[in-house]
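See below for the structure under consideration.
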Amino acid sequence: MAQKPSIPKGTRDFGPSVMIRRNYIFRIIREVFESFGYQPLETPAMESLDTLLGKYGEEGDRLIFKILNSGDFAGKSGWTELGNEITDTMQLSKKLSGRITGKALRYDLTVPFARYVVQNRNNLTLPFKRYQIQPVWRADRPQRGRYREFYQCDVDVIGSNSLLNETELVQLINQVFKQLNIRVIIKLNNRKILAGLAGMIGRQEQLTELTVAIDKLDKIGMDEVTKELIDRGFSNSDVAQLMPVITSRESFQGKIKLLKELFHNTPVGQEGIQEMETLMKLLDSMEISSSLEFDLSLARGLNYYTGAIIEVQSRDIEIGSICGGGRYDNLTGIFGLPGVSGVGVSFGADRIYDVLNQLHAFPEDTQSLTQVLFLNFGEDEVIYSLPLAEQMRRAGFKTEIYPDPVKIKKQMQYAHHNQIPVVVMYGEEERLQKQITIKQMSSGEQATIVLHNLKDQITQWIE
RNA sequence: GUGGGUGUAGUUCAGUUGGUUAGAACGCUGGAUUGUGGUUCCAGAGGUCGUCGGUUCGAAUCCGAUCUCCCACCCCA
């Protein structure tokens, strides 16, 4: 029974000092989201399994955390009956899982959002702008920078086709990272341009294979991507046509010109070019301090994107994307509400944390919380400290009283370990002389002063 | 899902060709100091050596299985 407690693989506890820093990130993100008029939304940790299945591809389905039903599911599911007629265990498992689980933990925030929109379609005024900051779960095998439980910070606007939304999101991304002091590259592309490329070589139906392969360009390089494309059934001439385009180092205008020539017979591609040009034109009219890049190899894995795609990388720390998203034309369609287009991005709080940590870019004062500690000199003595502590709180100091009348040494250690800058002593000696002793921990300096000077002295020492 | 590594005190790790009582540092508790933290000194607590089995007179050490965590791939934030 003396077994060591532990938490499940890929999950984490966040101690106080980490939480203070995480809250700093969430606070900035939330404030920026709200400044653009996005409204808060939360959805349950668990969704019906049907809501989630089939939305993330075959690979995604496997990574969904399922929740076991309560009750005697073995008996109800007719275990023996099933077992007798099916000998293939994989098939048996599949059949059984349909009966023993009907709920699952959410895999991302976009699908629950789509579900919410469809469910409340009669009460929502479109366009609907919402943000959502909640954990999501994936039954993946964890490794560095990848967890089974992690937070996503999503902003989406649904029910508007305007490219102004994309523009605004870029502006919002820029604002978040500006406030966090992270220098970023915002990469842009358009799914329709990728579809145009697939169309150009006559392989529209293999768009997904194409995008999965070229998305790895900056990770594994040109040769490996070529190899992968061949493996996925593309011909040498396909690759010969594609590679020069997606690796093009031309300027924005250069790339547009190149694509226009290539896409004279592919309407989807032309549409993509037009959207890209409009977006760039709109962005030109704003002050975006981050560098923008038109990256033709940017594809993003999720295959529900249909228009613009966005991905953000840190300029200083190699950690993959710290924010990403795009436009999806028909996400609510699978829930029976077609024709509602949405666009959104998601910030990866955990990776942003790592970037700030490695850059030492967290603000200093996020560390200590309590500013003033009243020592406890005994059950009777401490009563006289109570109103003083309350006065200090009203004066704006985070104040606590040590709860137990233990040795002063121990109480001082508590102040030291919690980095509390000021300790106040109001024991019998002080009280009889109508004075109070106050100590600044950083310098060790200590002063005995008259009561009404307490506030001023603390102010002076904390600043 | 595929492949590689790891496991000894709260934490980070030593532990010789298998040998008697498994160590260190840091941390923790108490004391030197009954109203004073950080530095110092003294003392103390803390271990089913991941688990189960095997080889052996004898296993932290060798073998097998199993679990765990870490790393890479697939995929993703």
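A note on names: the letters A, B, ... follow the listed sequences, proteins ahead of strands, and every chain is numbered from 1. Excluded from the calculations below are hydrogen atoms, water molecules and symmetry mates; all remaining heavy atoms, backbone and side chain alike, are included.
Using a distance-only test at 3.5 Å, with no hydrogens or angles considered, no donor-acceptor pair links the side chain of Arg138(A) to the main chain of Glu149(A).
With G35(B), G38(B), C76(B) as the choices, the nucleotide that has an atom nearest any side-chain atom of Ile408(A) turns out to be G35(B).
Here the separation of C57(B) from U20(B), taken at their C1' atoms, is 13 Å to the nearest Å. Remark: the separation of the C1' atoms in U6(B) and A72(B) is 15 Å, to the nearest Å. G47(B) sits 6 Å from A9(B) when the C1' atoms are compared, rounded to a whole Å. Taking atom P on both G1(B) and C28(B), the two are 42 Å apart, rounded to the nearest angstrom. As rounded to the nearest Å, G35(B) and G30(B) have P atoms that lie 16 Å from one another. Separating the P atom of C62(B) from that of G5(B) is a span of 15 Å, rounded to the nearest Å. Separating the P atom of G19(B) from that of G23(B) is a span of 14 Å, rounded to the nearest Å. For the P atom pair drawn from G53(B) and A59(B), the interatomic distance equals 14 Å after rounding to whole Å.
Remark: P of G35(B) and CD of Gln446(A) are 14 Å apart, rounded to the nearest angstrom. One can place CD1 of Ile25(A) at 14 Å from C1' of A77(B), the figure rounded to the nearest angstrom. Taking atom CG of Asp215(A) as the reference point, atom P of C74(B) lies 12 Å away to the nearest angstrom. The distance from atom CD1 of Ile438(A) to atom C1' of G35(B) is 16 Å, rounded to the nearest whole Å. Between the CE atom of Met425(A) and the P atom of G35(B) there is a distance of 12 Å, given to the nearest Å. In this structure, the CD atom of Glu381(A) is 11 Å from the P atom of G35(B), given to the nearest Å. We find that CZ of Phe26(A) is positioned 12 Å from C1' of A77(B), with the value rounded to whole Å. Separating the CD atom of Gln440(A) from the P atom of G38(B) is a distance of 17 Å, rounded to the nearest angstrom.
Every pair passing ring-ring contact (aromatic ring centres under 6.0 Å, His included) that includes a residue from residues 25-46 of chain A is listed here, sequence neighbours excluded: Phe26(A)-Tyr151(A), Phe33(A)-Tyr131(A), Phe33(A)-Phe347(A). Applying the ring-ring contact (aromatic ring centres under 6.0 Å, His included) definition to pairs two or more places apart or across chains, those involving residues 396-450 of chain A are Tyr402(A)-Tyr414(A). The list of salt bridge (Lys or Arg N to Asp or Glu O under 4.0 Å) pairs with a residue in residues 28-51 of chain A, not counting sequence neighbours, reads Arg27(A)-Glu31(A), Glu47(A)-Arg115(A).
The salt bridge (Lys or Arg N to Asp or Glu O under 4.0 Å) check on Glu275(A) picks up Lys192(A), with sequence neighbours excluded. Checked against salt bridge (Lys or Arg N to Asp or Glu O under 4.0 Å), Arg22(A) has the following partners two or more places apart in sequence or in another chain: Asp350(A). Scored by the salt bridge (Lys or Arg N to Asp or Glu O under 4.0 Å) test, Asp295(A) finds Lys187(A) as partners (sequence neighbours excluded). Evaluation of the side-chain hydrogen bond (donor to acceptor under 3.5 Å, both in side chains) rule for Glu311(A) yields Arg300(A) as partners, not counting sequence neighbours.
A distance of 9.0 Å separates CD in Glu381(A) from CD in Glu430(A), rounded to the nearest 0.5 Å.
Among the protein residues, Tyr147(A) comes within range of the nucleic acid bases, having at least one heavy atom under 4.0 Å from a base atom. At the heavy-atom level, Asp140(A) lies under 4.0 Å from base atoms of the strands shown. Contact annotation for Ser442(A): base contact, defined as any heavy-atom pair under 4.0 Å involving a base atom. Contact annotation for Glu149(A): no contact, since no heavy-atom pair falls under 4.0 Å across all strands. Backbone-only engagement by Ser321(A) is indicated by non-hydrogen atom pairs under 4.0 Å involving sugar-phosphate atoms exclusively. Using a 4.0 Å heavy-atom criterion, one finds that Gly444(A) contacts the bases of the nucleic acid, with or without backbone contacts as well.
No donor-acceptor contact under 3.5 Å links the side chain of Gln411(A) to the base of U36(B).
Contact check for Val424(A) versus Leu373(A): no side-chain heavy atoms found under the 4.5 Å cut-off. Using a 4.5 Å heavy-atom cutoff, the side chains of Ile449(A) and Gln435(A) are not in contact. In this structure, the side chains of Met425(A) and Ile436(A) stay at 4.5 Å or more apart for every pair of heavy atoms.
In this structure, the aromatic ring of Phe377(A) is not positioned over the six-membered ring of the base of G35(B) within 5.5 Å between centres and 30° between planes.
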For RNA chain B, the expected dot-bracket line (Watson-Crick or G-U under 3.5 Å, [ ] crossing, | inter-strand) is (((((.(..((((.....[...)))).(((((.......))))).....(((((..]....)))))).)))))....
Review item, side-chain donor-acceptor pairs of residues 320-328 of chain A, under 3.5 Å, at least two apart:
unit_1, atom_1, unit_2, atom_2, d
Arg327(A), NE, Glu166(A), OE2, 2.6
Arg327(A), NH1, Ser160(A), O, 3.0
Arg327(A), NH1, Ser341(A), OG, 2.6
Arg327(A), NH2, Ser160(A), O, 3.3
Arg327(A), NH2, Ser162(A), O, 3.2
Arg327(A), NH2, Glu166(A), OE1, 3.1
Arg327(A), NH2, Glu166(A), OE2, 3.4
Tyr328(A), OH, Asp156(A), OD2, 2.5

Dump the pairs, protein N or O against N or O of nucleotides 31-33 of chain B, anything under 3.5 Å, distances to one decimal.
unit_1, atom_1, unit_2, atom_2, d
G31(B), OP1, Lys407(A), NZ, 2.8
G31(B), OP2, Lys407(A), NZ, 3.1

Between N or O atoms, less than 3.5 Å apart, protein on one side and nucleotides 67-70 of chain B on the other: list the pairs.
unit_1, atom_1, unit_2, atom_2, d
C69(B), OP1, Lys9(A), N, 3.3

Protein N or O to nucleotides 25-28 of chain B N or O, pairs below 3.5 Å:
none

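Between Gln152(A) and Met412(A), the residue whose closest nucleotide on RNA chain B is further toward the 5' end is Met412(A).
Close to U36(B), at under 4.0 Å from its OP1 or OP2, lies no side-chain N or O of Lys410(A).
Annotation: Tyr353(A) is in aromatic contact with Phe362(A) [ring centroid separation under 6.0 Å].
Under the 4.0 Å criterion applied to side-chain N and carboxylate O atoms, Arg393(A) and Glu390(A) are assigned as salt-bridge partners.
Cation-pi geometry between Arg191(A) and Tyr305(A) is not satisfied (NZ or CZ under 6.0 Å from the ring centre, within 45° of the ring normal).
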